[in-house]
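Here the structure is a predicted model, which means the values were calculated and not measured. Because only heavy atoms are used, hydrogens play no part in the values below, and waters and symmetry mates are left out as well, while side chains stay in.
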Amino acid sequence: MTVAHQGLTGLLDTEALRKDFPILERTLHDGKKLVYLDNAATSQTPRQVIDVLSEYYEQHNANVHRGVHVLAEEATALYEGARDKVAEFINAPSRDEVIFTKNASESLNLVANMLGWADEPYRVDHETEIVITEMEHHSNIVPWQLLSQRTGAKLKWFGLTDDGRLDLSNIEEVITEKTKIVSFVLVSNILGTVNPVEAIVRRAQEVGALVLIDASQAAPHMPLDVQALQADFVAFTGHKMCGPTGIGVLWGRQELLEDLPPFLGGGEMIETVSMHSSTYAPAPHKFEAGTPPVAQAVGLGAAVDYLTSIGMDKIAQHEHAITEYAVRRLLEVPDLKIIGPSTAEERGAAISFTLGDIHPHDVGQVLDEQGIAVRVGHHCARPVCLRYGIPATTRASFYLYSTPGEIDTLVEGLEHVRNFFG
Amino acid sequence: MTVAHQGLTGLLDTEALRKDFPILERTLHDGKKLVYLDNAATSQTPRQVIDVLSEYYEQHNANVHRGVHVLAEEATALYEGARDKVAEFINAPSRDEVIFTKNASESLNLVANMLGWADEPYRVDHETEIVITEMEHHSNIVPWQLLSQRTGAKLKWFGLTDDGRLDLSNIEEVITEKTKIVSFVLVSNILGTVNPVEAIVRRAQEVGALVLIDASQAAPHMPLDVQALQADFVAFTGHKMCGPTGIGVLWGRQELLEDLPPFLGGGEMIETVSMHSSTYAPAPHKFEAGTPPVAQAVGLGAAVDYLTSIGMDKIAQHEHAITEYAVRRLLEVPDLKIIGPSTAEERGAAISFTLGDIHPHDVGQVLDEQGIAVRVGHHCARPVCLRYGIPATTRASFYLYSTPGEIDTLVEGLEHVRNFFG
Amino acid sequence: MYQDVILDHYKHPHGRGLRDGDAEVHHVNPTCGDEITLRVKYDGSRIEDVSYEGQGCSISQASASVLNELLVGKDLAEAQKIQGVFLELMQSKGRLEPDDAMEEILEDAVAFAGVSKYPARVKCALLSWMAWKDATAQALGADVEAEEAERKTA
Amino acid sequence: MYQDVILDHYKHPHGRGLRDGDAEVHHVNPTCGDEITLRVKYDGSRIEDVSYEGQGCSISQASASVLNELLVGKDLAEAQKIQGVFLELMQSKGRLEPDDAMEEILEDAVAFAGVSKYPARVKCALLSWMAWKDATAQALGADVEAEEAERKTA
Ligand SMILES: Cc1ncc(COP(=O)(O)O)c(C=O)c1O
Ligand SMILES: Cc1ncc(COP(=O)(O)O)c(C=O)c1O
């Protein structure tokens with residue numbers, strides 16, 4: 001540890017942890033060590049998860065449910081066991097409230113579609129309103145635009161303050177008696193902002209609107225307690241939390257899942273089918289049509305085990321220390337401007353910035369030549385770029401294996417970028 | 001090879017092939033060798049696919065598209081490379097016609113929903129009709145029931161003959177000028193029947209209806225040429241063709257994919273997003289919202305490589321020989337009745353049967369005790385059971401690694417079942 | 001799992017057939033198509049008859065036969081107790097070794113202990129019991145639930 | 001990929017700014033937000049001016065500058081040929097080593113050969129060229145397509 005890192009507290013033992021992630025050993029461009037700072041896009045996968053995936057296919061693979069043979073029973077036990085693990089991870093009152101999807105986007109679309117086809121009192125139609133925010137990921141914008149187009153419901157949103165926070169000053173005009181659903185991000189993937197859940201939930205409850213929280217950037221990074229959030233639905237995605245691709249989660253309150261109509265139809269989600277009509281299985285199966293992503297759910301279960309073994313509070317602490325250090329160091333870089341909160345308070349471990357008028361694509365490319373992987377562009381949150389009048393940002397985002405040394409490398413890399421285009 | 005197997009021609013070298021599948025080495029119930037005859041539910045996964053999955057997570061894992069760093073470029077190249085492989089595998093005119101979904105069920109629901117939201121001339125509404133068949137998998141029934149409920153369109157279907165074939169005698173009344181879409185299974189997962197595509201497609205084209213073919217049980221087992229089929233859409237699923245779970249495919253004709261509206265909204269599927277409106281990326285991305293099942297697509301690509309290296313025609317030959325042998329041997333078992341075609345002609349490698357009045361659950365359980373994995377129940381095709389007045393069937397289904405010896409073990413197992421419950 | 005007792009009940013079911021009753025229910029196990037139509041007849045709180053017709057596997061058929069043998073003639077409270085113990089056994093995932101006390105209560109039904117190891121089959125074993133509970137609730141109305149709630153808190 | 005020639009064009013763009021034109025188009029690269037507004041002015045089939053305004057990365061900006069330098073003053077047929085060769089180079093995935101003949105046609109634009117190895121950046125390099133093609137089609141109408149078809153079969 002260099003002098004600059006002294007005083008950083010709450011860091012994890014990354015030297016040990018990093019050994020769990022084979023990809024972090026990779027070198028690029030003639031021997032440059034990989035500095036992976038694109039964790040908000042996807043996290044890397046520990047050996048513990050990769051091994052569970054292989055073991056699933058080598059030992060237990062079968063289609064789940066309905067099988068009376070050993071493999072089918074084992075696969076089912078593993079799949080449903082993963083549901084138990086996820087339920088515990090988010091402190092769900094019941095395992096039956098955990099629906100497996102393919103990614104967070106499907107989870108969000110699922111809610112939008114359920115509400116579009118629902119009966120009263122949930123039904124979204126031309127007399128009702130939908131509320132989102134200007135800092136949503138496209139996956140929490142487009143489903144509502146589609147729903148609004150299809151039903152005639154009015155789409156409204158909270159704007160942003162100059163320092164990257166939600167502007168809730170007009171909350172009473174935005175969320176009204178007409179609001180059926182308020183859907184917002186817990187931690188922004190572009191700004192890093194952690195949003196004030198309680199204020200929004202309180203207002204939504206006042207008017208009887210449902211609340212959907214997009215926890216895609218929260219579940220990987222901090223303890224998540226769906227009961228404490230008091231939301232009706234919470235969505236997140238496996239590949240950002242040490243899990244495999246191809247798996248997402250929607251948690252929903254049991255009564256709602258019972259009342260709301262199914263979305264996709266097919267095998268597994270039915271109770272009984274005739275050519276004339278069908279009845280549906282109880283949740284969560286009602287919302288899981290077809291052969292589910294079995295191995296991926298099992299892999300997500302292993303990821304949850306991995307994260308829990310480290311401790312979500314410890315991970316949050318580590319990332320907070322790293323983020324604090326990163327904010328401090330980045331602000332030392334001339335012409336660098338952070339887009340989003342410029343302190344580490346109430347913010348997650350993703351930091352977007354601009355570097356003078358050097359285009360982010362160029363920043364990212366020159367950093368890549370040094371082995372540093374960051375993301376550039378609008379990060380699927382283009383309205384945020386429009387809001388701040390910029391075409392794109394460069395984003396560095398951290399995770400449990402990120403080190404202060406990697407921040408130093410990033411800062412040196414940015415100096416190089418400045419010189420190169422200067 | 002025993003005497004009974006002499007004369008079987010066209011068999012693959014299963015002794016060598018089986019070494020590729022680690023799970024086939026497994027023993028169950030105190031040392032009984034696994035005899036896996038549940039391939040219609042899901043296939044086993046060869047080492048070649050498992051290794052590619054591990055390598056993906058160990059070396060190349062990143063979110064696809066939009067990234068300028070090396071890992072993102074590698075992951076994108078692998079993901080899009082898998083699309084090329086699948087396109088070639090099904091002889092698609094263009095790679096952009098291959099959409100990755102999470103399973104066949106999603107593929108089928110995708111088409112149903114596209115048509116529900118489409119403009120003329122594709123739009124399904126209360127003045128139009130949808131045609132399916134009585135032998136469809138629930139995943140090709142329920143989406144159309146939902147669409148019919150939501151739009152008021154009339155759902156019609158072809159019935160079945162006593163020997164498990166489609167009854168097309170009234171094809172002109174079933175498919176009419178009002179028909180917008182005809183969706184049917186190429187190979188039935190319960191009856192094994194291979195359906196006469198040409199006759200149905202010809203009639204559909206006559207009236208200007210679109211054709212969707214559920215090739216879930218065909219893609220794994222025979223050469224599949226979407227151009228020769230002359231369908232508009234073809235759906236299938238990865239886990240039945242040596243691929244991972246969590247990945248499916250929808251192939252669709254390019255003009256249709258251009259004209260039809262998107263289904264799920266979110267990241268990856270957009271061109272540009274503002275809070276007020278969005279435009280969509282061209283197909284296939286328009287239909288791939290959110291982070292796709294990247295590793296799973298790459299795994300499916302490896303599965304396609306594996307199948308191609310053996311040769312789909314050779315696989316079809318092998319399975320035909322196995323099926324012929326199995327039909328012959330099964331019919332020797334007293335009280336055994338095949339549900340579906342009772343010869344190996346125009347049939348796939350799944351054989352459903354009843355055994356006197358011993359309930360399939362009991363048949364399956366007692367077979368399992370001998371290490372033999374078959375599936376029992378309605379196989380997600382309950383209308384077929386209703387049609388033949390049976391509660392369920394036992395189904396043995398074969399794949400490229402199935403051997404005549406395994407058929408013998410099955411037949412012996414069934415004798416044991418008869419004695420046990422006799 | 002196929003104890004002789006189970007096979008016996010399967011091959012020679014007790015009280016099979018539909019007879020006169022106060023309420024009738026029809027239950028289906030959607031995963032395997034097992035079906036049962038079941039009627040209960042009460043004389044006050046005494047179970048006068050449980051009659052049934054159904055199709056299904058040996059486990060579901062034997063279980064209905066055992067139910068008939070065990071419950072007919074019993075008082076509702078006692079029957080509910082038996083049902084509760086049977087449910088506990090079936091949900092034990094093979095981890096519960098029936099002791100003498102349990103055997104006294106469940107009689108032939110202890111033979112189903114082995115079935116509890118097979119999640120796919122537990123539903124078969126419970127089908128008739130769930131149907132009985134449902135039919136009883138219909139026959140006796142709200143009383144049952146009150147009584148059950150009382151039993152739970154007792 | 002950042003050849004000095006590219007950096008030069010980026011820092012000192014040729015012909016930047018919007019001037020009078022026969023047609024104007026606005027193209028966006030949705031994956032990175034690069035934008036260009038481009039006008040073409042024709043004198044018969046001779047390109048009198050290509051003027052543009054835009055924001056984006058060094059590659060897209062330099063590429064527009066190179067385009068201006070290369071195409072202004074050329075005849076449409078020749079410009080189309082240049083555009084075709086540039087497109088071929090950019091789609092070569094780094095597998096095409098520009099030879100003298102190509103260098104004669106593309107001049108400074110051969111410096112983009114390295115960019116073709118980076119799929120995410122190829123679109124940046126092509127943005128202005130696609131915009132030019134589109135604007136030309138609008139300015140000259142169907143003629144262009146006919147001419148292009150002819151060129152292809154030639
Ligand atoms: C004929 C047929 N269609 C559709 C499906 C659905 O496939 P999946 O469960 O992978 O969505 C299956 C398999 O389950 C099938 O056999
Ligand atoms: C805040 C947020 N919401 C939703 C998503 C969508 O997740 P996925 O792409 O896995 O569907 C992401 C990540 O891409 C995200 O960062």
Side-chain angles (χ1 to χ4, degrees), chain A residues 22-23 28 41-42 44-45 50 53-54 57-59 61-63 66-71 102-106 109 134 137-139 141-143 145-146 157 239 244-246 264-267 270 273-275 278 289-291 293-296 361 364-365 368 373 375-377 380 382-383 386, chain B residues 22-23 28 41-42 44-45 50 53-54 57-59 61-63 66-71 102-106 109 134 137-139 141-143 145-146 157 239 244-246 264-267 270 273-275 278 289-291 293-296 361 364-365 368 373 375-377 380 382-383 386:
Chain A
I23 207 171
L28 317 161
T42 206
Q44 293 305 342
T45 323
I50 301 173
L53 291 172
S54 296
Y57 290 115
E58 287 168 8
Q59 294 289 327
N61 180 47
N63 211 322
R66 290 166 228 288
V68 296
H69 59 77
V70 173
L71 294 183
K102 70 174 170 177
N103 54 25
S105 303
E106 186 190 354
N109 278 276
E134 204 174 359
H137 188 278
H138 292 163
S139 293
I141 298 177
V142 184
Q145 289 180 337
L146 289 170
W157 55 87
H239 66 91
T245 57
L264 302 182
I270 55 92
V273 172
S274 78
M275 294 307 287
S278 300
T291 304
V294 185
Q296 294 71 43
H361 253 185
Q365 194 89 49
D368 174 65
R375 188 128 308 215
V376 299
C380 293
R382 188 165 170 271
L386 294 178
Chain B
I23 208 171
L28 317 161
T42 206
Q44 294 304 341
T45 324
I50 302 174
L53 291 172
S54 296
Y57 290 116
E58 286 167 9
Q59 295 288 329
N61 180 47
N63 211 323
R66 290 164 227 289
V68 296
H69 59 78
V70 173
L71 294 183
K102 69 173 169 178
N103 54 25
S105 303
E106 187 190 352
N109 278 277
E134 205 175 357
H137 188 279
H138 293 162
S139 293
I141 297 177
V142 183
Q145 288 180 336
L146 288 170
W157 56 87
H239 66 91
T245 57
L264 302 182
I270 55 93
V273 172
S274 77
M275 293 307 286
S278 300
T291 305
V294 185
Q296 293 72 41
H361 253 186
Q365 194 89 50
D368 173 64
R375 188 126 311 214
V376 299
C380 294
R382 188 164 170 272
L386 293 178

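- Proximity to chain B (any heavy atom under 4.5 Å) is shown, for Q296(A), by both the backbone and the side chain.
- T245(B) places a side-chain N or O within donor-acceptor distance of the main-chain N or O of A295(A), the cut-off being under 3.5 Å.
- The choice from G246(B), P293(B), S139(B) that makes the most heavy-atom pairs within less than 4.5 Å of chain A is S139(B).
- Between G267(A) and C380(B), the closest heavy-atom pair is CA-SG, 4.0 Å.
- Annotation for G290(A) and S105(B): closest pair CA-OG, 3.1 Å, computed over non-hydrogen atoms.
- D368(A) touches chain B through its side chain: at least one heavy atom from C-beta onward sits under 4.5 Å away, while N, CA, C and O do not.
- Among N103(B), N61(B), V142(B), the residue making the largest number of heavy-atom pairs under 4.5 Å with chain A is N61(B).
- A distance-only check finds no donor-acceptor pair linking the side chain of Q59(A) to the backbone of P22(B) [under 3.5 Å].
- Put simply, of T291(B), V294(B), L53(B), the one with the most heavy-atom pairs under 4.5 Å next to chain A is T291(B).
- In this structure, the separation between OG on S278(A) and CD1 on I141(B) is 7.0 Å, given to the nearest 0.5 Å.
- If you tally non-hydrogen atom pairs under 4.5 Å between each of G266(A), P244(A), S54(A) and chain B, the highest count goes to G266(A).
- Looking only at heavy-atom pairs under 4.5 Å with chain A, the residue among A373(B), G265(B), G364(B), P143(B) that has the most is G265(B).
- One N or O on the side chain of Q145(A) and one on the backbone of S274(B) form a donor-acceptor pair closer than 3.5 Å.
- Proximity to chain B is limited to the side chain of L28(A), based on heavy atoms less than 4.5 angstrom apart.
- Residues Q44(B) and Y57(A) share a closest heavy-atom pair of OE1-O, 4.3 Å.
- Proximity of Q365(B) to V68(A): side-chain heavy atoms (C-beta onward) are separated by under 4.5 Å at one or more points.
- The two atoms that bring R375(A) and H69(B) nearest to each other are NH2-NE2, 3.7 Å, heavy atoms only.
- Top candidate by heavy-atom pairs under 4.5 Å with chain B, chosen from I50(A), T45(A), V273(A), T42(A), is V273(A).
- The candidate with the highest count of non-hydrogen atom pairs below 4.5 Å against chain A, out of L386(B), L146(B), N109(B), is N109(B).
- By number of non-hydrogen pairs under 4.5 angstrom with chain B, the leading residue of V70(A), I23(A), L71(A) is I23(A).
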